[in-house]
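All remarks here apply to the structure that follows.
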Amino acid sequence: MARVTLRIKLFAIAGAAGFAFFILILASAITSQKVNQQVTEIRELYLPKMELGGHLESQFERLTKSFQDAVAAHDPEALAATRTIKDAFINDLMAASQTVGPDKAATLRGVVDDYYDSAYDLSQRLMAGETGESIVARATAMQAKQKLVAETLTKTASFNRDDLTTAFTSIQRAQQQATRDRLTISIVCVLIVVFLSMWLVRGMIQSLTLLTGGFERFGKGRFDQLIQLPGEDEFSVLARQANRMAESLKFAMSSLEGTLADTRDQNVAVQEASRMKSEFLANMSHELRTPLNAIIGFAQLLHDGEVRADMPEFQEFLGDILTSGQHLLQLINDVLDLSKVEAGKFEFHPEAVELGDLVREVLAILRNTAASKGVRVEQHVDAIAGVELDTARFKQVLYNYVSNALKFTATDGFVKVRITKEGNADFRLEVEDSGVGIEEKDISRLFVEFQQLDAGAAKRHSGTGLGLALTKRLVEAQGGHVGVRSEVGKGSTFFAVLPLKPQVGGPKLLPRSIPGNHPTAATVLVVEDNPRDQGAIVQALTSVGYAVETAVTGAQALAKCRERTFDAITLDLILADAGGLQVLQEIRKDERNKHVPVIVITVVTEYGTVAGFAIHDVLPKPLDEEALLQSLQRAGISNDAAREILIVDDNGGSRRLMSAAMNKLGYKTTPVADAEGGLQIVRGTIPSAVVLDLMMPGMDGFEFLEHFRQMPGCGSVPVIIWTAKDLTQADYARLQASAQAVVTKGQGANAIAEELRAFLAGRGRREGEGDG
Amino acid sequence: MGNKQILIVDDNPTNMKLISYLLTAKGYVVRTANGAEEALAVLQGFHPRLILMDLQMPGVDGLELTRRLKADAKTQDIAIVAVTAYAMKGDEERALAAGCDGYITKPINTRTLPDEVAKYMKDVV
């Protein structure tokens, strides 16, 4: 059936109008024709009548004349001939009896006959020579009859005023009828056209109303109710486009809201940072003025002679000036260092060192302090070759740790300094003390400027309050990290992990390998190019005992995957040289790591919250059935009837395609058009696997995954991502942002180790059950 | 000749030593307290005419202690002069709002401090 488009409808209306007009003209012509006919009829009716009158009159005249002639000529033959004339007259009259009316004709005939008889009789008598009064009487009678005929003739056969009136009236009536007819037809035509137009336009108006309503809603920002306008005409097309626009807008608005929320958070963070800077300045002002107070004050006293040289206070006060001066110097140095490190202007001068020597040097400085407190100091330094670092800074860090340890450790306690190798590329420094320990709530204040823990007022001033803050900065600037473990009453262990060869100033990460806690520990490949994020992930994994290898680019990841099989892979979505999902596809092509579980990572906060979304596989669109089959086999998904595969994709065509392909392979499927619906279904039945589109309006793939993974029993369900073949940078950024957003507002990012463990356990279980 | 007792409340011993020496040399009776708690304890048996209050102390800070003392009938009449290194806008206002009778900035000028102190040591009629 042809599309009933607007164009067709408009043509229809025009056509109908034209046709109506044509009908009107036709009607007009017909009615005019009818009037003409009437006029002609009338003419035919009255013309003979008009002619007849004259004709009969002349004939009668002839008759009367013929009588006169016959009498004058005394011709009896002529007299007999009058009968012929009279008969002819009567014939004509009878012939026209219709015209004049039969009654009238009969009357006229009667009087004519009467006259004739009278005239004939008279004429005979006159020709016979009769005279006298009877003749006169007869003549008079005959003239009276003649007069009667003439009158009757006039009445009967002539065309008079009544006839005229009748004729005009007829014509008028005919005209009126014609007008009425034309009017009727016009009205009918107009009504038909109007109704036709209204009927055709009604649909258009309905569509327009729906569209207008829809646009109004969209204008107000309500994108949830789309315009329902099925069909194939231009309005439906417009509606579909409008709906698409609405969805884009909705998505744009929600990303905007997301960005806005992020910006607000950032704003809060920035304001917090600003506030902390102000606090820092205020503290610094105070800290600097305090020793200065002592210096100037005592110097004034001495200078003004308040204290004389022979008084004991003299020496004492000079000593105070000296110590305060030194304290001030230390303070200024620390603050300057801190600023320099923060501004990135700190210069490190790494050189090859023997860690053992450095430790011994620092401990030597503090030996007296330790001895006077009765604290035992031990050192265990592993022999590590190839260490390069900035000597002064390292000693500063070590000194800071050890002097703190001594400060907080009582007599008969101990302080142990340990240095061990960490992984392939780092070493770990630990300073353990048997001191008072640190409470949980205070740990966050430790590495912050000027925050000194209350260890008694007297102890407060043997430090600048900047030591740990500076230590943290120094270590991190060299590519390491710091931390502390502590137990109240038992003691604390401060540690710093530094690279064997420091990478300073925007380090370009080299891939590294870190062994696990035992030789058969599972090895995870961490693919992440951001140093801080990589550090966080590696930390999360190694702290629970996994062995880790890192890769910074997609190419590196592939190279490593070709060397060996990993137990799991964590994957950053956005790498410098390739999109994460693309890398995964490539990895899957290689025999070795075809079956390895992959976790797409999102690292979020300052404190290294790491979240992972375990994805079994990534399939590109358009669908490759072979690839699908392999993926399903890899996942070990059995096709028993009890459980179905959930397909989540907003595109109807894709859903049907995937469903059909799956069914062909013997799997039962449950297709659903949006993530919300998918979650709803999962609450009822856990699927045996999920095929998930990432880019969907409303709740997208990552959000779905986040909710999905937290549902009981869904932790190890394989998820196959099925997405467009080439995701653009913008797409990846969006996925990343979405994943981050999801994690930020989620109940708690799944610890990546948890995710991995669940995944590996699930996989093991499936393998144990045997292939389906 | 009136109350010549002064209490110095500060968490820095060196500071207290300085002021204490200076004022003792001028004839005042000076006691020191390291922090708010100690100050309250000392005030149990010592009623100074003037308290030199360091505002930046850990724990209960000088402003808080000032408020408490000014609210307490027993200690209301003691003049309190704030001693502080803060030189930021609003500090002076806050000190006065808390009830301080005066405000001195660190570093202290030993040459002028005695005269300033003398102002507050006048007897109240």
Side-chain angles (χ1 to χ4, degrees), chain A residues 275 277-308 311-328 331 442 445 450-465, chain B residues 8-28 30 32-39 41 52-63 82-92 94-95 104-117:
Chain A
R275 190 190 64 80
K277 280 220 166 76
S278 302
E279 211 180 284
F280 175 78
L281 282 173
N283 281 338
M284 198 166 81
S285 162
H286 178 256
E287 293 295 323
L288 289 175
R289 280 168 207 260
T290 301
L292 218 42
N293 195 46
I295 295 170
I296 292 176
F298 284 123
Q300 277 180 334
L301 284 179
L302 265 44
H303 184 263
D304 293 345
E306 295 275 350
V307 182
R308 289 186 311 278
M311 290 158 77
E313 282 88 355
F314 194 82
Q315 267 304 103
E316 192 190 332
F317 291 172
L318 277 176
D320 287 320
I321 293 174
L322 197 56
T323 0
S324 294
Q326 284 165 340
H327 183 84
L328 186 59
L331 204 58
D442 289 332
R445 288 171 49 203
F450 294 131
Q451 302 264 16
Q452 287 184 322
L453 297 187
D454 200 7
K459 298 211 170 78
R460 187 172 185 268
H461 297 286
S462 51
T464 58
Chain B
I8 306 176
V9 184
D10 198 318
D11 62 330
N12 186 309
T14 318
N15 270 341
M16 288 198 289
K17 182 156 67 167
L18 177 64
I19 303 175
S20 179
Y21 183 86
L22 179 62
L23 294 177
T24 311
K26 296 295 175 194
Y28 298 105
V30 179
T32 62
N34 192 321
E37 258 185 63
E38 205 177 308
L52 290 173
M53 181 82 77
D54 176 24
L55 291 188
Q56 285 124 255
M57 294 185 291
V60 176
D61 75 351
L63 282 178
V83 179
T84 177
Y86 278 171
M88 304 225 288
K89 251 198 300 180
D91 287 340
E92 190 169 346
R94 261 183 294 145
I104 295 179
T105 52
K106 285 198 253 194
I108 292 176
N109 189 338
T110 56
R111 291 162 189 156
T112 59
L113 184 65
D115 291 331
E116 297 204 28
V117 164

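On a predicted model such as this, the values are computed, not experimentally measured, just so you know. The figures that follow rest on heavy atoms only: side chains count, while hydrogens, waters and symmetry mates do not.
- For residues 298-305 of chain A, heavy-atom neighbours of chain B at less than 4.5 Å comprise A:Phe298, A:Gln300, A:Leu301, A:His303, A:Asp304, sorted by residue number.
- Around atom CD of B:Glu116, more than 12 heavy atoms belonging to other residues, nucleotides or ligands sit under 6.0 Å away.
- At a 4.5 Å heavy-atom cutoff, the contact between A:Ser324 and chain B is made by side-chain atoms alone.
- Heavy-atom distances place no part of B:Asp10 under 4.5 Å from chain A, backbone and side chain included.
- Atom CE of A:Met311 is separated from atom OH of B:Tyr21 by 3.0 Å, given to the nearest 0.5 angstrom.
- Across B:Thr110, B:Leu22, B:Thr14, B:Ile19, the residue that shares the most heavy-atom pairs under 4.5 angstrom with chain A is B:Thr110.
- In this structure, B:Asp54 CG and A:Thr290 OG1 are separated by 7.0 Å, a value rounded to the nearest 0.5 Å.
- When all heavy atoms of A:Ile296 and B:Ile108 are compared, the pair lying nearest together is CG2-O, 4.4 Å.
- Once rounded to the nearest 0.5 Å, the distance linking CG of A:Asp320 with CG of B:Leu18 reads 8.5 Å.
- Counting non-hydrogen atoms of other residues, nucleotides and ligands closer than 6.0 Å to CD of A:Glu316 gives a total above 12.
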